[in-house]
Protein chains: 2
Amino acid sequence: MNLVPPNGRRPTMKDVAAMAGVSLSTVSRVVNGSPPVAPELAVKVERAVEMLGYRHNHTAGTLRRANGLSGSLGLIIEDVSNPFFSAVHRGIEEVARTRSVVTFAGSSDEDAEREHALIEAVLARRVDGLIVVPTAADHTYLLRDVANGLGLVFVDRPAQSIDADSVLSDNRGGAQRAVEHLLAHGHRRIAFVGPPPTLYTARERLAGYRAALAPAGLSELVRHAVEPADAYGAVLGLLDSDHAPTALFTSQNLITIEALRALHGRGRQHEIAHVGFDDIVLASAIDPAVTVIAQDPVGLGRAAAELLFSRLDGFVGPSRRVELPTPLVVRGSGELRPPG
Amino acid sequence: MNLVPPNGRRPTMKDVAAMAGVSLSTVSRVVNGSPPVAPELAVKVERAVEMLGYRHNHTAGTLRRANGLSGSLGLIIEDVSNPFFSAVHRGIEEVARTRSVVTFAGSSDEDAEREHALIEAVLARRVDGLIVVPTAADHTYLLRDVANGLGLVFVDRPAQSIDADSVLSDNRGGAQRAVEHLLAHGHRRIAFVGPPPTLYTARERLAGYRAALAPAGLSELVRHAVEPADAYGAVLGLLDSDHAPTALFTSQNLITIEALRALHGRGRQHEIAHVGFDDIVLASAIDPAVTVIAQDPVGLGRAAAELLFSRLDGFVGPSRRVELPTPLVVRGSGELRPPG
DNA sequence: CTGTTAGCGCTTTCAG
DNA sequence: CTGAAAGCGCTAACAG
């Protein structure tokens, strides 16, 4: 059964053809399941394939194939091990799988150079498309590739320099809804704790916070955390200040977690209302359960892949922008009322 | 700057050679940075590359290159969006990056057929190596590929059917240490809640639990949760039983989370001691903070990649098995003493 | 130091 | 329905 061929050479179609006593083209036809081919020949070929342990070299085929597709795509995210982005990956995989397309995945670590190196690396492996969570400000160098047929979709944040398909969450709307929810529960001093507005998503969420406060005529109370860990101190500082807030809006995953540590550390979790942006594991296990604005990262990935494949399928319209809703998930912490 | 070539054809080395007025081989030498090449010619080539927006086709080179390496590898894990496995992915990426190797990543979803399809897909794209969290019982079909130079490493669980390099956590030792820790704090009735022992890791952890109880002459109290969600009910059942345990060992990530929900839901988190296998986010935010046995998934990935590349670098010794330590992280929940 | 040539493994006309 | 032959984009001898 498992005869290892004498030499260390992988068997090729030529070897299969020789063993089966047919021509190269017949092997190709059988391997690619493209009739017409006589059943008896097909059987002979299949037997030879089995015997030799022949493995199709899809990349060699790509070189010659009419459409030139490699059946692969590149995914560049901030970090493959960040649960948010790995969920995006998962969504992409779900639709790529239906087309037998495999995915190169890599982390940019929010570093433009690294992003660029990764993109070049996967492009050199001739991926059919690219899905990118953009970090770099300039992506014009991809324009030529797109003109030459590369599929390109940006996800989570829009590209700044070029016009391309993109899939985003409703960041601003979600943040606004979170703050309006706190307002509706009687809060007048609502603090914002989040990363500085360098990234698109951070800017949008801050804008949402402001959009909610403005019509109420309330003044803002903003604390920026450069590193997520900074949020811990920021929240403690807010709790200790003269004019302490009665409610907290934390604009991101890791910052919400730090805020929880601070709140619980001080035993104030039942007094200070809190809504976080991004759902977190254990949000419903702790007391009070954490009210959040939920994103749908898997949906983000799915939508990005759909857009990408529609291009590869020949869609040539103008660039599209899909925005996914960010519903409020009520669990308890966001429904605490201010004292008095 | 960004002249898109008139036709939709990607420029090739031939185009570059023609524009630069040199031969194909000279272009190849410049592109691959393999001297000797006259500086003036190099400049001409580089200019032409720039003008045309030439992009190297690394896969075409693979076909002809002496070593035949594609500079890519395949990673098959249970789920790309599971934080544990995506951390493994991250570890692999860290070492692959130093060699400019990119990674195909896909999810087997604990399904042997899917695993097989994925492996075939990446093999057809001629990856240099494969890192697999095995689900299928049989991997003998990979033997021939390994004989033909494929690097192969199993991670998190050993392969059952073939002899290959593998990287594991010390599952049994970690579980044993967890239970011994609870014994040392005076507990005599310690329950085990975990998945049924179908998977290697589950079996090992259960064995560790038993290995700790046996010398103490204590009887076991085991509850299996087929789905993580089942652990919630299982823990409630234990709490309500006549001979309720005073301590809990939960043998996995998601099960620990469900147990926490149950414990906190009943307000028993300060009475029942609890140690979980696998670290979890927010473990230190809740009260009491959760004592765990920590794995090092990033280290698992790094080690797997090191083993893989050592093979590609020509190492030909017998198969190696690396086992990573699983330290106890003391935080509070595991140090509660039994009543009385 | 540079160019010519053969050919990697495959798909695709094009004849038979 | 099957085979022969050309050639995808590239690298590696080998001459010059």
Side-chain angles (χ1 to χ4, degrees), chain A residues 5 7-45 48-49 52-71 123-128 148-149, chain B residues 5 7-45 48-49 52-71 123-128 148-149:
Chain A
N7 51 5
R9 226 190 78 250
R10 288 184 164 79
T12 73
M13 272 198 179
K14 219 165 136 183
D15 300 321
V16 175
M19 176 166 233
V22 299
S23 79
L24 212 57
S25 5
T26 300
V27 177
S28 176
R29 288 188 189 104
V30 173
V31 166
N32 292 292
S34 57
V37 90
E40 351 155 28
L41 284 194
V43 169
K44 285 207 283 187
V45 169
V49 163
L52 291 168
Y54 168 74
R55 222 174 259 299
H56 190 55
N57 187 335
H58 187 267
T59 61
T62 301
L63 218 49
R64 197 65 176 78
R65 220 184 342 265
N67 61 23
L69 294 179
S70 66
L123 252 28
R125 270 82 173 177
R126 280 299 179 275
V127 292
D128 304 327
N148 288 333
Chain B
N7 52 2
R9 226 190 77 251
R10 287 183 166 79
T12 74
M13 273 199 179
K14 218 164 137 186
D15 299 323
V16 175
M19 176 166 231
V22 299
S23 78
L24 212 54
S25 12
T26 300
V27 178
S28 176
R29 289 188 188 103
V30 173
V31 166
N32 293 293
S34 58
V37 90
E40 352 155 26
L41 285 196
V43 169
K44 283 207 284 186
V45 169
V49 163
L52 291 168
Y54 168 74
R55 221 174 260 296
H56 189 55
N57 187 337
H58 186 267
T59 60
T62 300
L63 217 49
R64 198 69 177 76
R65 220 183 344 264
N67 61 21
L69 294 179
S70 65
L123 252 30
R125 268 82 174 176
R126 280 298 179 273
V127 292
D128 303 328
N148 289 333

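Sequence lines set the chain letters: A, B, ... in the order given, protein chains first and strands last, and positions in each chain run from 1.
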### Query
Could you go step by step and tell me if A:R10 and A:D15 meet the salt bridge (charged side-chain N to carboxylate O under 4.0 Å, His left out) rule?
CA-CA 9 Å; A:R10 288 184 164 79; A:D15 300 321; over 6 Å; no
#### Entry: Note, B:P11 side chain near A:N148 side chain (heavy atom, < 4.5 Å)
yes
#### Entry: For atom CZ of B:R55 and atom P of D:dC10, their distance in whole Å
12 Å
### Selection from D:dG9, C:dT11, C:dT12 that lies nearest to any side-chain heavy atom of A:L24
C:dT11
### Task
Specify the separation, in whole Å, of atom CE of B:M13 and atom P of D:dA12.
10 Å
### Query
Checking all strands, does A:H58 fall into the base, sugar-phosphate, or nothing category for heavy-atom contacts under 4.0 angstrom?
nothing
### Task
May I ask you to evaluate whether B:N32 reaches the phosphate of D:dT11, defined as a side-chain N or O under 4.0 Å from OP1 or OP2?
yes
### Query
Any side-chain heavy-atom pair from B:S28 and B:V31 closer than 4.5 angstrom?
no
### Query
Nearest-Å distance, CG (A:L69) to P (D:dG9)?
14 Å
### Query
Rounding to a whole Å, what distance do you find between A:L63:CG and C:dG7:C1'?
12 Å
### Query
Is B:V22 touching bases, backbone alone, or none of the nucleic acid, heavy atoms closer than 4.0 Å?
sugar-phosphate
### Query
Quick one: is A:S23 getting a side-chain N or O under 4.0 Å of the D:dG3 phosphate, OP1 or OP2?
yes
### Task
Measure distances between side-chain N and O atoms of B:R64 and base N and O atoms of C:dA6, and say whether any donor-acceptor pair falls under 3.5 Å.
yes
### Message
How close do B:S70 and B:D128 get, counting heavy atoms only, and between which atoms?
### Response
N-OD1, 2.7 Å
### Task
Output yes when a side-chain donor or acceptor of A:R126 lies under 3.5 Å from a complementary backbone atom of A:L63, and no otherwise.
no
### Message
Closest-nucleotide mapping onto DNA chain C: is B:G61 or B:E40 further toward the 5' terminus? I mean the 5' end.
### Response
B:E40
### Query
What's the closest nucleotide to the A:A38 side chain, out of C:dG9, D:dT11, D:dC1?
D:dC1
### Message
Starting the side chain at C-beta, find the nucleotide from C:dG3, D:dT11, C:dG9 nearest to B:R29.
### Response
C:dG3
### Query
Is there side-chain contact between B:V30 and B:V16, with at least one heavy-atom pair below 4.5 Å?
no
### Task
Report the distance from atom CZ of B:R10 to atom P of D:dG9, rounded to the nearest whole Å.
10 Å
### Task
Could you check B:R65 against A:G21 and say which one's nearest nucleotide on DNA chain D is further toward the 5' end?
A:G21
### Task
Using atom CG of A:N67 as one end and atom C1' of C:dT12 as the other, report the distance to the nearest whole Å.
12 Å
#### Entry: Contact under 4.0 Å: A:S25 side-chain N or O vs D:dT2 OP1/OP2
no
## Note on the structure
Of the listed C:dG3, D:dT11, C:dG9, the closest approach to the A:A60 side chain comes from C:dG9
### Query
In whole angstrom, what separates A:L41's CG from D:dG3's C1'?
11 Å
### Message
Just the rounded figure in Å: distance from C1' of C:dC8 to NZ of A:K14.
### Response
10 Å
### Message
Of the listed nucleotides (D:dG3, C:dG9, D:dG9), which one gets closest to any side-chain atom of B:T12?
### Response
D:dG9
### Query
Within the pair B:S28 and D:dC10, is there a side-chain N or O less than 4.0 Å away from OP1 or OP2?
no
